[in-house]
Amino acid sequence: MQQEAYKWDSTLYDDKHSFVYRYGADLVDMLGPKKGEKVLDLGCGSGALTEALRSRSGSVVGVDSSSEMIKKARSTYPLCTFLKGDVRDFSGSHPFDCIFSNATLHWVIEAEKAVKCMFENLRYGGRVALEFGGKNNVDTVIKALRRILFSKGYKEQSALQLWYFPSISTYTSLLERNGFEVTLAEWYDRPTELADGETGILDWLSMFAKPFFKGIAAEEASVIKKEVQGSVSGALFKNGKWYADYKRIRVLARKIENNNLK
Ligand code: BEZ
């Protein structure tokens, strides 16, 4: 959960979008933090997975750029350390044994900066477990949103590049160029059931796609969201439930010692 100039609604997040961290539980297992390891959670959001990491390792720092999320995380999980920070230039006071990041890196267009930041914060031999949106993530929703914005004359909004959804080869190459050895990489479909059977896509747009509606009056934005939901119903509404067409990248990697970094 990371993006500058974006006011996160931690209540809407926890009430209707808790799937973001429920799906991340598998990634905690894949990282496999051991007792005594120092863990860094980059883009910790409201802290649920930070707490899951702490319960395994005993020591975790959660970092997020949203003051709102950090406030909520601190009050909910007092045994974790939470810091406001940017995943592109966070600097911990010691090297970490492992780094975890769930559903955050797609918000970081400057992906190489985030990778370099992970490298700097990790000890040699340390590992990372990362999951985020990959190539063609939420394509059905976003294509419909762009088309409808454009048709109503909101050309600038329709062209907004808000997210980084790389292909698996782009991302693993980026890691390798920056001193990591990739041990597992997957790109997979994860149709994600949305919480509300009536307003699933509307809620998703309200939670995650706010910048597309910059400069658009609230009533007009609401009409656009309804049109988007209507136009994707054939593809994304099944048996009374809404699904977002998520495509994930999941990567495990470790920091290697003798690399020829440029
Ligand atoms: C995702 O988790 O893939 C995602 C969430 C919000 C916006 C874009 C992508």
Side-chain angles (χ1 to χ4, degrees), residues 1-24 43 45-46 48 66 68-69 102-109 131-167 187-250:
M1 185 68 29
Q2 174 89 14
Q3 197 198 23
E4 276 179 321
Y6 197 109
K7 182 110 174 57
W8 286 100
D9 178 342
S10 61
T11 306
L12 180 60
Y13 180 67
D14 279 348
D15 286 354
K16 289 198 169 170
H17 301 92
S18 59
F19 60 80
V20 173
Y21 47 80
R22 278 188 282 108
Y23 276 110
S46 55
S66 158
E68 162 90 8
M69 289 291 183
N102 177 59
T104 289
L105 294 172
H106 47 246
W107 292 105
V108 186
I109 303 278
E131 178 160 338
F132 57 100
K135 190 173 175 190
N136 298 339
N137 194 33
V138 282
D139 224 27
T140 308
V141 180
I142 299 310
K143 277 193 177 136
L145 175 60
R146 290 192 196 287
R147 182 174 42 74
I148 289 166
L149 285 167
F150 190 86
S151 72
K152 291 182 184 290
Y154 299 112
K155 295 200 171 60
E156 208 177 302
Q157 291 90 333
S158 78
L160 180 66
Q161 292 306 322
L162 183 56
W163 299 301
Y164 173 69
F165 296 145
S167 71
W187 173 63
Y188 64 99
D189 290 344
R190 196 196 73 196
T192 298
E193 186 187 328
L194 301 175
D196 196 303
E198 303 237 313
T199 56
I201 299 292
L202 294 178
D203 294 337
W204 191 93
L205 291 168
S206 299
M207 179 80 220
F208 296 118
K210 257 189 221 166
F212 282 95
F213 298 94
K214 195 165 170 224
I216 302 178
E219 302 90 82
E220 171 82 326
S222 167
V223 169
I224 293 170
K225 288 175 197 173
K226 283 190 189 134
E227 278 188 37
V228 173
Q229 178 162 288
S231 91
V232 300
S233 63
L236 302 179
F237 191 67
K238 292 178 187 126
N239 302 322
K241 290 175 178 167
W242 285 104
Y243 294 84
D245 53 334
Y246 277 32
K247 283 184 182 282
R248 316 307 289 171
I249 279 195
R250 188 177 256 185

Original post:
Is the cationic atom of Lys225 (NZ for Lys, CZ for Arg) positioned less than 6.0 Å from the six-membered ring centroid of Phe213 and within 45 degrees of its normal?
Top reply: yes
Subject >> Greater than 12 external heavy atoms within 6.0 Å of Glu156's CD >> reply: no
**OP:** Decide whether a cation-pi geometry holds between Arg248 and Phe132; the criteria are a distance under 6.0 Å from NZ or CZ to the six-membered ring centre and an angle within 45° of the ring axis.
**Re:** no
**OP:** Taking all non-hydrogen atoms of both residues into account, name the closest pair between Leu194 and Trp204 and its distance.
**Re:** CD2-CD1, 4.0 Å
**OP:** Is it possible for you to check whether Lys247 lies under 6.0 Å from the centre of the six-membered ring of Trp187, through NZ or CZ, and within 45° of that ring's axis?
**Re:** yes
Subject >> Closest heavy-atom pair and its distance - Ile249, Gly134 >> reply: CG1-CA, 3.6 Å
**OP:** Check whether the side chains of Glu220 and Tyr154 place a donor and an acceptor atom closer than 3.5 Å, and report yes or no.
**Re:** yes
Subject >> Pairing of Arg190 and Glu131 as salt bridge, 4.0 angstrom limit >> reply: yes
Original post:
Is the number of heavy atoms from other residues, nucleotides or ligands within 6.0 Å of CZ (Phe150) greater than 12?
Top reply: no
Original post:
Shortest non-hydrogen contact from Ala221 to Ile216?
Top reply: N-CG2, 3.8 Å
Original post:
Looking only at heavy atoms, which two atoms of Tyr23 and Arg250 are closest? And how far apart?
Top reply: O-NH2, 4.4 Å
Original post:
What's the shortest heavy-atom distance between Phe208 and Trp107, and which atoms?
Top reply: O-CH2, 3.3 Å
Subject >> For Tyr243 against Lys238, the heavy-atom pair lying closest together >> reply: CE1-O, 3.9 Å
Original post:
Can you say whether the rings of Phe237 and Trp242 are parallel (under 30°), tilted (30 to 60°) or perpendicular (over 60°)?
Top reply: tilted
Original post:
Is it true that atom NZ of Lys152 has more than 12 heavy atoms of other residues, nucleotides or ligands lying nearer than 6.0 Å?
Top reply: yes
